[in-house]
Chemist: 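Sharing a structure below in structure tokens format, with a few things to ask.
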Amino acid sequence: MTSRWASLRAGLEEFYAGPYRRTFARARREEDDLFRMVVLAEALGVPDPAAYYTVELMPALYEDFHAWHLRMGMDHSPLEHVGCC
């Protein structure tokens, strides 16, 4: 009985969310880009009153930094201390 409910749930999820999967992915990527910009604002030269609190999040953002700065149209890393290219 549980497998029937699970398959029904998966089918309904695919029916309702399937057509919008690309839109959801794009919205999530845009939100992530905005979050990354807020966290890296001080390093990019924009005064940030919350820089003391966001500096702890920087190591978590270095993993996808290269893909981010290429998506933003920057050929090389805008940060002097992050040499990803």
Side-chain angles (χ1 to χ4, degrees):
M1 189 66 147
T2 305
S3 65
R4 286 184 182 175
W5 287 111
S7 64
L8 177 65
R9 181 183 178 277
L12 287 174
E13 185 175 334
E14 183 63 30
F15 178 75
Y16 286 111
Y20 305 106
R21 191 169 287 128
R22 184 177 294 159
T23 305
F24 291 151
R26 184 180 305 124
R28 181 178 206 160
R29 188 174 55 242
E30 288 174 359
E31 286 178 9
D32 288 345
D33 289 344
L34 178 63
F35 176 73
R36 190 176 313 269
M37 185 65 120
V38 168
V39 171
L40 296 173
E42 187 74 25
L44 293 171
V46 178
D48 182 17
Y52 178 76
Y53 303 105
T54 59
V55 76
E56 296 175 359
L57 300 170
M58 288 182 86
L61 300 178
Y62 287 147
E63 186 175 311
D64 299 326
F65 185 75
H66 181 71
W68 174 76
H69 80 75
L70 290 178
R71 247 191 339 267
M72 294 296 116
M74 299 176 228
D75 294 333
H76 301 289
S77 173
L79 305 178
E80 298 165 357
H81 60 282
V82 178
C84 63
C85 297

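Numbering of residues begins at 1 and proceeds along the displayed sequence. Since the model is a prediction, treat every value here as computed from it, not as a measurement.
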Chemist: Should the pair Glu30-Arg26 be classified as a salt bridge under the 4.0 Å nitrogen-to-oxygen rule?
Modeler: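 Looking at Glu30 and Arg26, the cut-off is not met.
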Chemist: I need the Asp64 CG to Arg71 CZ distance, nearest 0.5 Å.
Modeler: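 That separation rounds to 7.5 Å.
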Chemist: Look up atom CD in Glu31 and atom CZ in Arg36, then write down how far apart they are to the nearest 0.5 Å.
Modeler: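 Here the interatomic distance stands at 13.0 Å.
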Chemist: For the atom pair OG (Ser3) and CG (Leu8), what is the distance rounded to the nearest 0.5 Å?
Modeler: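 Result: 11.0 Å between the selected atoms.
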Chemist: When clusters are formed by joining ILVMFWY residues with side-chain heavy atoms under 4.5 Å apart, either directly or through shared neighbours, do Met72 and Val39 land in the same one?
Modeler: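 Linked within one cluster.
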Chemist: Would you please classify the geometry between the Tyr20 ring and the Phe24 ring as parallel, tilted or perpendicular, with 30° and 60° separating the classes?
Modeler: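 If you compare the ring of Phe24 with that of Tyr20, the planes turn out tilted.
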